[in-house]
A.B. asks: 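The structure that follows is given in the form of structure tokens.
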Amino acid sequence: MSKFLALLFRNRLAALGGVVIAVIFVLALITPLLPLQSPDDTDTAHRFLLPFSGGHLLGTDQLGRDLLSRLLWGTRLSLAVGIAAALAAGFVGSAVGIVAGYFGGRTDNVIMRGVDMLMAFPYILLALAIVAALGPGLMNALIAVAAVNVPFFARNIRGITVGLAGREFVDAARLSGKGHIRILLTELLPNVLPVIVVAMSTTVGWMILETAGLSFLGLGAQPPQADLGGMLGEARSAMISSPHTSVVPGVMIFLIVMSINLLGDGVRDALDPRLRSGALSRPKPATDVRRAGPVPEATGALLEVQALETQFHVGRRIYRAVNGVSLAVRPGECLGVIGESGSGKSVTALSVMGLVASPPGVITGGAVRYKGDDLVGAPYGKLRSLRGDRVAYIFQDPLSTLHPLYRIGDQLAEAITAHHGVGGREARQRALKLLRDVRIPNPESRIDNYPHEMSGGMRQRVGIAMALANDPDVIIADEPTTALDVTVQAQILSLLDDLRRDRGLAIVFITHDFGVVGQLCDRVAVMYAGQIVEEGPTQAILDAPAHPYTARLIACVPELGGGRRALAAIPGLPPSVDDLPPGCAFAPRCARAQEGCTAAPIDMREGAVAGTPGRAVRCINPEEAIA
Ligand code: ADP
Ligand code: MG
């Protein structure tokens, strides 16, 4: 709640609107307690008195009634009627919309065609017709204004409910045996409630205006009782000779409607969860860079990540997701990056092409070099020309990375034409060849499939084909097989292995599974809490892990036919990256931890372990001695 208010008040105009409407509300509430004349006391001897004369602060009207008193009582009435109308319209409209959207089919059709009929009439005409049928009076004006606003709520809420009603959590509720009423009330209503609140806050002002309009025409409040619209209507005849009688209620209507609308817009922005974390802005096309330290020299690998630091700055908190990660790959080489969920693998991978969302992501140190060129802070045009062309990504869930409404052939062709000026026919031929390369059976007919018509393994093959579309030099695969079953996973791995041998691809393969690394990768880097803790040739590390964390990770992998062995889960949880300890982040979970482990940062030590050179480990008490 306090977060909501803080967000709301960051928007100056909304804050201003909130303060004005709050003052008006308080005045309306305490009107009966104020020492005012009765609003209906006439005094024809003192008609049309100007403001500040004869003891009347705002003057008098055509019957000598005190304008201030009439204004406050009228405001009270107008606010009450407008808000009551908004509540009634919101309640009825939302109920109709949620029922239509949830049941769908014939129910939806009947209800929504009725709503459409209401919408077919011009707005104010319909209100006039309703009041004409019911007879003039404030209550009937309220009913008319509420009725003409019902379709607005019904349409809005139905649209949102239709999207929600097919979602898995509603299916789950149905499977658990909940009845329709309970699903509507406990599953759908909480999800649409923010929308209802927002729709209401943005329409209250409008409804106050409509009620005032009906009263102005003499169809709402009846004399001597007056709301703001009624006051305006009575003052109409004296508009030229005594303008203050119409200016007073006019200004009040303006203040009310403006302040409610400003506040309503602010409420809408503050309630939207997508705007909440993203600081009311969209991510930029490339990650922000604020580098303080020196930029490391190039060493000549195809793609190298050098002492990379990527952080998330959220409010006053700093999440240090990547803390000085260095990696390098050569053509034809496969480098595995392994670690528990949350260790910073994805953020490292996304930092390479500046794909970490900013805000809140910031690259604060290090370099990323492709063929020697530093990409950190490179112009957006350069990053764009490399993304998907020279350096391509494969993500974990192809269903969310493929566009659901386009055929896969068109999406593949688009991946090609985005970088190369080839014609539609040629792009399609290439797409066909790509599908054949990733061993999709019967590609001639599959090319016209939509993503939902394919199985998970097929979709991931399409994802790989898309990454291969422009014959890249580097592929960064972020857990591409995690969502697949083991047989499909084995096929995909052997496919990637063939591709890198045939095409000389460099692959950075991110996973949390040592079994996968053993099948595919030449070298492996083990990540923990945003740092690499061990690196070396895969087989050597599998045979003789040096870092206790690596040893525990390997102990977690079951072996088929390896006899009975307890799978040792690692106790405890990874540290949260907004509060990292000064020394080794793994120490609290480590059986070999010593006194010096937590005191100061521990350096990566390079050398040979168990006779194999080219290894490095970040540990002062490793499992295997480093030479
Ligand atoms: P993984 O190794 O599972 O791929 P990630 O690279 O996705 O892990 O995340 C690394 C760390 O960065 C996690 O601890 C996560 O909490 C943090 N993180 C990721 N995105 C954000 C964000 N937008 N705001 C704050 N922290 C984030
Ligand atoms: Mg990840």
Side-chain angles (χ1 to χ4, degrees), residues 3 272-290 305 308-327 335-366 368 393-401 460 463 475-484 489 507-514 516-517 521 524-535 547 549-550 552-553 556 570 572-581 585-586 588-589:
K3 200 172 166 198
D272 190 327
R274 284 166 308 177
L275 300 177
R276 203 181 299 169
S277 58
L280 295 171
S281 65
R282 283 202 305 164
K284 299 177 188 170
T287 311
D288 277 343
V289 175
R290 263 174 254 146
V305 174
L308 179 74
E309 286 176 21
T310 305
Q311 308 181 336
F312 295 96
H313 294 190
V314 182
R316 242 168 291 145
R317 301 190 94 96
I318 292 182
Y319 296 85
R320 296 190 290 151
V322 179
N323 301 308
V325 166
S326 300
L327 302 165
L335 170 71
V337 177
I338 186 168
E340 276 170 293
S341 172
S343 52
K345 309 181 297 289
S346 297
V347 175
T348 307
L350 293 173
S351 302
V352 170
M353 283 284 123
L355 290 171
V356 178
S358 280
V362 189
I363 295 179
T364 50
V368 174
Y393 283 87
I394 306 171
F395 291 105
Q396 176 176 348
D397 182 8
L399 193 55
S400 59
T401 44
Q460 193 53 284
I475 284 194
I476 298 175
D478 191 353
E479 313 218 24
T481 58
T482 304
L484 306 176
Q489 170 173 318
I507 301 181
V508 178
F509 195 96
I510 295 171
T511 176
H512 57 253
D513 184 350
F514 247 115
V516 173
V517 167
C521 300
V524 61
V526 183
M527 272 191 88
Y528 189 77
Q531 285 189 319
I532 293 193
V533 294
E534 180 162 11
E535 190 179 357
H547 200 286
Y549 178 61
T550 318
R552 300 301 297 258
L553 272 185
C556 294
I570 308 178
L573 288 173
S576 79
V577 292
D578 57 338
D579 186 23
L580 287 176
F586 186 61
R589 304 167 76 187

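Heavy-atom basis, side chains included; hydrogens, waters and symmetry copies ignored. We number each residue from 1, following the sequence as shown. Order of appearance sets the numbers: ligands from 1, and atoms from 1 within every ligand.
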A.B. asks: Just by distance, no angles: are the side chains of E340 and Y549 close enough, under 3.5 Å, to form a donor-acceptor pair?
C.D. replies: yes
A.B. asks: Is there a heavy atom in S343 that sits closer than 4.0 Å to ligand 1?
C.D. replies: yes
A.B. asks: How far is atom 7 (O) of ligand 1 from the closest protein heavy atom, and which atom is that?
C.D. replies: S346 CB, 3.6 Å
A.B. asks: Identify the two heavy atoms, one from V337 and one from L327, that lie closest to each other, and give their separation to 0.1 Å.
C.D. replies: CG2-CD1, 4.2 Å
A.B. asks: Side chain or backbone, does Y319 bring an N or O within less than 3.5 Å of an N or O on ligand 1?
C.D. replies: no
A.B. asks: Does the side chain of T511 pick up a donor-acceptor pair with the side chain of D513 at under 3.5 Å?
C.D. replies: no
A.B. asks: Tell me whether G342 has any N or O atom under 3.5 angstrom from an N or O of ligand 1.
C.D. replies: yes
A.B. asks: Tell me whether atom 21 (C) of ligand 1 lies less than 4.0 Å from at least one protein heavy-atom position.
C.D. replies: yes
A.B. asks: How close do I394 and P480 get, heavy atom to heavy atom, and via which atoms?
C.D. replies: CG2-CB, 3.9 Å
A.B. asks: Would you mind listing which atoms of ligand 1 come within a distance below 4.0 Å of any non-hydrogen atom of S341?
C.D. replies: 3 (O)
A.B. asks: Are any of the N/O atoms in P360 less than 3.5 Å from those in ligand 1?
C.D. replies: no
A.B. asks: Could you check atom 19 (C) of ligand 1 against the protein and tell me its nearest heavy-atom contact, residue, atom and distance included?
C.D. replies: F312 CE1, 3.5 Å
A.B. asks: Considering only heavy atoms of A321, which atoms of ligand 1 have at least one such atom less than 4.0 Å away?
C.D. replies: 11 (C), 12 (O)
